[in-house]
Enquirer: 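My questions all concern the structure below.
Model, not experiment: these values are computed from the prediction.
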Amino acid sequence: QVELMESGGGLVQPGGSLRLSCAALGDIFGVYTINWYRQAPGNQREVVATIGSGGITRYSDSVKERFTISRDTAKNTVYLQMNSLEPEDTAIYYCNAVLTWPRVGEYWGQGTQVTVSS
């Protein structure tokens with residue numbers, strides 16, 4: 001089993017920055033994808049960034065060139081650097097891990113609140 005724990009959320013002014021962390025308890029190895037999702041009140045959950053076990057990253061159009069996903073395998077941690085934050089980025093951000101080989105499974109963290117407001 002794998003547990004994910006997000007941290008780093010908080011209140012920031014428009015144009016500011018935050019770095020979110022997703023720490024994994026339990027080994028993640030083989031072929032996998034780590035995703036950052038977000039969900040604002042009344043909205044559907046949407047994926048904003050992904051990183052694969054091969055290091056390939058992808059971003060939603062709304063955060064491209066502002067957010068950066070990265071990993072530190074030694075710390076079993078994935079990060080989401082968020083720059084030039086906008087009020088529309090306000091949401092609960094969730095870490096999600098999808099394992100495909102040799103383990104198969106999907107895991108979610110509990111979320112961390114990001115609020116962008118002046």
Side-chain angles (χ1 to χ4, degrees):
Q1 288 291 102
V2 175
E3 293 185 23
L4 304 177
M5 183 174 65
E6 304 95 336
S7 62
L11 175 65
V12 65
Q13 295 182 355
S17 299
L18 286 173
R19 189 180 74 161
L20 306 183
S21 299
C22 173
L25 303 178
D27 292 334
I28 297 179
F29 61 92
V31 180
Y32 61 86
T33 301
I34 307 297
N35 312 291
W36 282 100
Y37 285 79
R38 68 184 182 186
Q39 186 170 21
N43 292 347
Q44 294 183 340
R45 187 173 299 184
E46 63 173 338
V47 63
V48 297
T50 73
I51 185 167
S53 52
I56 302 299
T57 60
R58 294 181 176 88
Y59 304 91
S60 67
D61 290 340
S62 62
V63 308
K64 187 177 181 181
E65 299 181 353
R66 298 190 299 118
F67 291 10
T68 302
I69 188 171
S70 61
R71 65 183 178 184
D72 186 335
T73 56
K75 296 181 178 180
N76 297 315
T77 301
V78 172
Y79 304 96
L80 184 67
Q81 179 67 45
M82 305 185 295
N83 299 325
S84 301
L85 284 164
E86 305 167 351
E88 293 75 19
D89 297 317
T90 296
I92 301 175
Y93 284 72
Y94 298 90
C95 183
N96 163 254
V98 179
L99 284 64
T100 57
W101 185 92
R103 297 180 183 179
V104 177
E106 185 172 4
Y107 305 91
W108 291 88
Q110 295 299 312
T112 184
Q113 177 71 49
V114 172
T115 302
V116 184
S117 176
S118 60

Enquirer: Can you hop from Val98 to Ile69 via hydrophobic side chains spaced under 4.5 Å?
Expert: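 Unlinked, Val98 and Ile69 end up in two clusters.
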
Enquirer: Do Tyr37 and Tyr107 belong together in a cluster built from hydrophobic side chains that touch within less than 4.5 Å?
Expert: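 No; tracing contacts between hydrophobic side chains, which count when under 4.5 Å, never links both residues.
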
Enquirer: Might you point out which heavy atoms bring Ala91 and Ala40 nearest each other, and give the distance in Å?
Expert: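 Heavy-atom minimum between the residues: CB-N, 3.7 Å.
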
Enquirer: Side-chain contact test, heavy atoms from C-beta onward, threshold under 4.5 Å: evaluate it for Tyr79 versus Thr77 and give yes or no.
Expert: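 Tyr79 reaches Thr77 side chain to side chain.
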
Enquirer: Which residues satisfy the side-chain hydrogen bond (donor to acceptor under 3.5 Å, both in side chains) test with Gln113, sequence neighbours excluded?
Expert: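 Partners of Gln113 by the side-chain hydrogen bond (donor to acceptor under 3.5 Å, both in side chains) criterion, ordered by chain and then number, come out as Thr115.
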
Enquirer: Roughly how far, to the nearest 0.5 Å, is the CD atom of Gln39 from the CD atom of Glu46?
Expert: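 Nearest 0.5 Å value for the CD-CD distance: 9.5 Å.
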
Enquirer: Can you sort out the partners of Lys64 under side chain to side chain contact (heavy atoms under 4.5 Å, CB included), two or more places apart, ordered by chain and number?
Expert: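 Only Tyr59 meet the side chain to side chain contact (heavy atoms under 4.5 Å, CB included) criterion with Lys64.
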
Enquirer: If I take atom CG from residue Leu18 and atom CD from residue Gln81, how far apart are they, to the nearest 0.5 angstrom?
Expert: 8.5 Å

Enquirer: Indicate the atoms forming the closest heavy-atom contact of Ala97 with Leu4, along with that distance.
Expert: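 Distance-wise, the nearest heavy atoms are N-CD1, 3.6 Å.
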
Enquirer: Between Glu6 and Gln110, which heavy-atom pair has the shortest distance, and what is it?
Expert: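 Scanning both residues, the minimum pair turns out to be OE1-N, 3.0 Å.
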
Enquirer: Output the rest of the hydrophobic cluster of Val31: all Ile, Leu, Val, Met, Phe, Trp and Tyr residues reachable through side-chain heavy-atom contacts under 4.5 Å, sorted by chain and number.
Expert: Trp101

Enquirer: So, the side chain of Arg71 versus the backbone of Gly52: is there a donor-acceptor pair under 3.5 Å, distance only?
Expert: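 Checked: pair present.
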
Enquirer: To check you understand the geometry: which heavy-atom pair defines the closest contact between Tyr32 and Leu99, and what is its length?
Expert: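 The answer is CB-CA, 4.2 Å.
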
Enquirer: For Leu20 and Trp36, which heavy atoms make the closest approach, and how far apart are they?
Expert: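 The pair with the smallest heavy-atom distance is CB-CH2, 3.7 Å.
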
Enquirer: By the rule that ILVMFWY residues connect when side-chain heavy atoms come within less than 4.5 angstrom, directly or transitively, which residues belong alongside Leu11?
Expert: none

Enquirer: Would you list the pairs meeting side-chain hydrogen bond (donor to acceptor under 3.5 Å, both in side chains) in which at least one residue belongs to residues 84-93, sequence neighbours left out?
Expert: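 Residue pairs passing side-chain hydrogen bond (donor to acceptor under 3.5 Å, both in side chains), neighbours aside: Arg38-Asp89, Arg38-Tyr93, Arg66-Asp89.
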
Enquirer: Got more than 12 heavy atoms from elsewhere within 6.0 Å of CZ, Arg45?
Expert: yes

Enquirer: Tell me if the CD atom of Glu106 is crowded by more than 12 foreign heavy atoms within 6.0 Å.
Expert: yes

Enquirer: Indicate, with yes or no, if Leu80 and Ile28 share a hydrophobic cluster defined by side-chain heavy-atom contacts under 4.5 Å among Ile, Leu, Val, Met, Phe, Trp and Tyr.
Expert: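 Yes, because Ile28 and Leu80 connect within a single hydrophobic cluster, where side-chain heavy atoms sit under 4.5 Å apart.
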
Enquirer: According to a hydrophobic-cluster definition based on side-chain heavy atoms being under 4.5 Å apart (Ile, Leu, Val, Met, Phe, Trp, Tyr only), do Ile92 and Val78 belong together?
Expert: no

Enquirer: Is Asp61 atom CG crowded by more than 12 heavy atoms from other residues, nucleotides or ligands, each under 6.0 Å away?
Expert: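 Atom CG in Asp61 is not packed in, count stays at 12 or less.
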
Enquirer: Would a single hydrophobic cluster contain both Tyr94 and Met5, if residues Ile, Leu, Val, Met, Phe, Trp and Tyr are joined by side-chain heavy-atom contacts under 4.5 Å?
Expert: no

Enquirer: Determine the minimum heavy-atom distance between Ala24 and Val2, stating which atoms define it.
Expert: CB-CG1, 4.4 Å

Enquirer: Checking side-chain contact (heavy atoms from CB on, under 4.5 Å) between Thr50 and each of Ile34, Asn35, Ile56, which is the one that passes?
Expert: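 Option passing the side-chain contact (heavy atoms from CB on, under 4.5 Å) with Thr50: Asn35.
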
Enquirer: Test of understanding: with side-chain hydrogen bond (donor to acceptor under 3.5 Å, both in side chains), list the residues that count as partners of Ser70, not counting sequence neighbours.
Expert: none

Enquirer: Can you find a heavy atom in the side chain of Ser7 that is under 4.5 Å from one in the side chain of Thr112?
Expert: no

